[in-house]
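This report refers to the structure that appears directly beneath it.
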Amino acid sequence: MSIRNRTISTSRIQNGIFVYTALTFLTIFTVIISIIDNLLNIGVTKYSNPFLITIIFSIITVQILIWMIRNKGNRGIRYAFTHYSTVLNLRKTFLDSTYYNIRFHLNKKIAQLPKIKIDFEKGLSIGKLSIENIHLEKDLSSSNISIALNRYVVERSYLSRDEKYYIFEIYDSNINRQLTFESLDEFQEYSLKIEEQHLFIDKFTKIPMHSSLFVGQTGSGKTYALYSLILQMLLQKELYNLYFADPKSSSLSVIGEKITAHNSASNFNEIVNLLEDFNDLMNQYKFELKEKLGTKLEATYADFANPAHVLIFDEFASFHTELQTKDKKKRDEVMSLISQVVLQGRQLGFFIWFVMQKSDSNLIPTYIRENLPVKFVIGNAETQTNKTAFGTGVDTKEKNFQLGEGLFVCPLIANQPKLCHFSYLDFNILEAVDSLN
Ligand SMILES: Nc1ncnc2c1ncn2[C@@H]1O[C@H](COP(=O)(O)OP(=O)(O)O)[C@@H](O)[C@H]1O
Ligand SMILES: [Mg+2]
């Protein structure tokens, strides 16, 4: 941070100066009295020392207490120091960039800095930073904040509902959010701790079931991302029924054949049949659920202990391209099978996961893409891919993503793109699937 000659001070700086001056003065005074008393043998230190020392220590104790309360010392000393240094850096930055209001205090001009609240979580790895919106011409930008935050980086920012605070969700850039598993046992142990009806992605991310989109260039780790989710679902077989469509007959279809041969399809006609069966089953459930809904209006499949039916559709673009060569009637039929699941499946427990390399509208129709609540863009995607997946108005930062790392959106959990990093699976997937079957 630049060291600039600041001509303006804050009330906190003023109070600090006052307290330290008082302390220094009192200490010097005590020492002088002691020396004089020692030389002249008057005997006043007997009375003055306890008094003065009590005052000095009281001031120090009160200062420490204030510091502890301000920096939430009850949450640990490391927490308090991180809190302290973060607030200090932010306040310095605000002073340097003149983000403050001018107030008069005892006839002296002082800078009134915006209020700062920080709430760190998960062992200081993430946090929520609230900065008072002091209605200046200047806007608080994420980049300004990031510079002041040392190792923390702004993940997303927004204005609070009452518009009184800018909220910044920050994370520790040194922390690895990815989970690594060296065996299926380790994986199993971790997934059993996750709350029901949720699938974990990384240390900080778990998502409920939705129809979803997975986009990423070849080799970005999409299929492995799916493996980590499929294994979780296999570990809770009673909650999930899986279906596989893989028009390129790649590794996913091998897994699909092992898990559920009669619900796996890899050529065009098989996939269309699978989609038809999937729809028929959904309509059957619709009928059943309608009767049950008489008792509970907002209920979903999970409330009636029905499993989720998940159709995992790898390389969807390849299927869609082949579909374009068919006549219009066929095209409409197939797209209607797909869109019905996407539009009506949530309550009934029917979901499709589309996996593809790009999400352009010629590869997946916009009306389907826009109705997918959960979207992942894995790896370093082109700007166009981020735009089609997340919308044009959304700012997605350039970052050098690792294998399995990327951005996602999900209702309630991530309304704007958030970072995620799928698990590193350092064991044989085929063997794992075999042993779970
Ligand atoms: N999470 C992961 N754990 C272990 N290896 C991975 C992971 N993600 C990717 N890989 C490695 O990278 C290769 C490409 O990943 P893959 O999931 O097949 O990419 P995509 O499906 O996007 O083309 C895999 O064969 C695997 O060796
Ligand atoms: Mg793949």
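Both counts, for ligands and for their atoms, begin at 1 and track the order of listing.
The protein does not reach atom 13 (C) of ligand 1 closely, with no heavy atom under 4.0 angstrom from it.
In this structure, the protein non-hydrogen atom closest to atom 2 (C) of ligand 1 is Tyr224 CD2, 3.3 Å. Looking only at heavy atoms of the protein, atom 21 (O) of ligand 1 is closest to Thr223 OG1, 2.7 Å. Of the protein's non-hydrogen atoms, Gly221 CA, 3.7 Å is the one closest to atom 15 (O) of ligand 1. Scanning the protein for heavy atoms near atom 3 (N) of ligand 1, the closest one is Leu425 N, 3.0 Å. Counting only heavy atoms of the protein, atom 20 (P) of ligand 1 lies nearest to Gly219 N, 3.4 Å.
In summary, the aromatic rings of Phe376 and Phe422 are positioned with their centroids under 6.0 Å apart.
A side-chain donor from one of Tyr227 and Ser251 sits under 3.5 Å from a side-chain acceptor of the other. Donor-acceptor pairing under 3.5 Å is lacking for the side chains of Tyr158 and Gln416.
Heavy atoms of Gln217 approach ligand 1 to within less than 4.0 angstrom. Assignment of Gly404 to the shell around ligand 1 is not supported, since no heavy atom sits closer than 4.0 Å. Between Ser423 and ligand 1 there is a heavy-atom distance shorter than 4.0 Å.
A donor-acceptor pair is defined here as one N or O able to donate and one able to accept, closer than 3.5 Å; no such pair exists between the side chain of Thr205 and the backbone of Cys420.
Using cut-offs of 30° and 60° for the angle between ring planes, the Phe268 and Phe319 rings count as parallel. Classified by interplanar angle (parallel below 30°, tilted 30° to 60°, perpendicular above 60°), the ring pair Phe354/Phe313 is parallel.
By the criterion of a heavy-atom distance under 4.0 Å, the side chain of Leu403, and not its backbone, is placed next to ligand 1.
Phe120 does not carry Arg75 over the face of its six-membered ring by the limits of under 6.0 Å from the centre and within 45° of the normal. Note that Lys117 lies in the cation-pi zone of Tyr165, set by a 6.0 Å cut-off to the ring centre and a 45° limit from the axis.
For the Mg ion (ligand 2), the N/O/S atoms of Thr223 include one lying under 2.8 Å.
For ligand 1, the atoms sitting less than 4.0 Å from at least one non-hydrogen atom of Thr218 are 23 (O), numbered in the order shown with element in parentheses.
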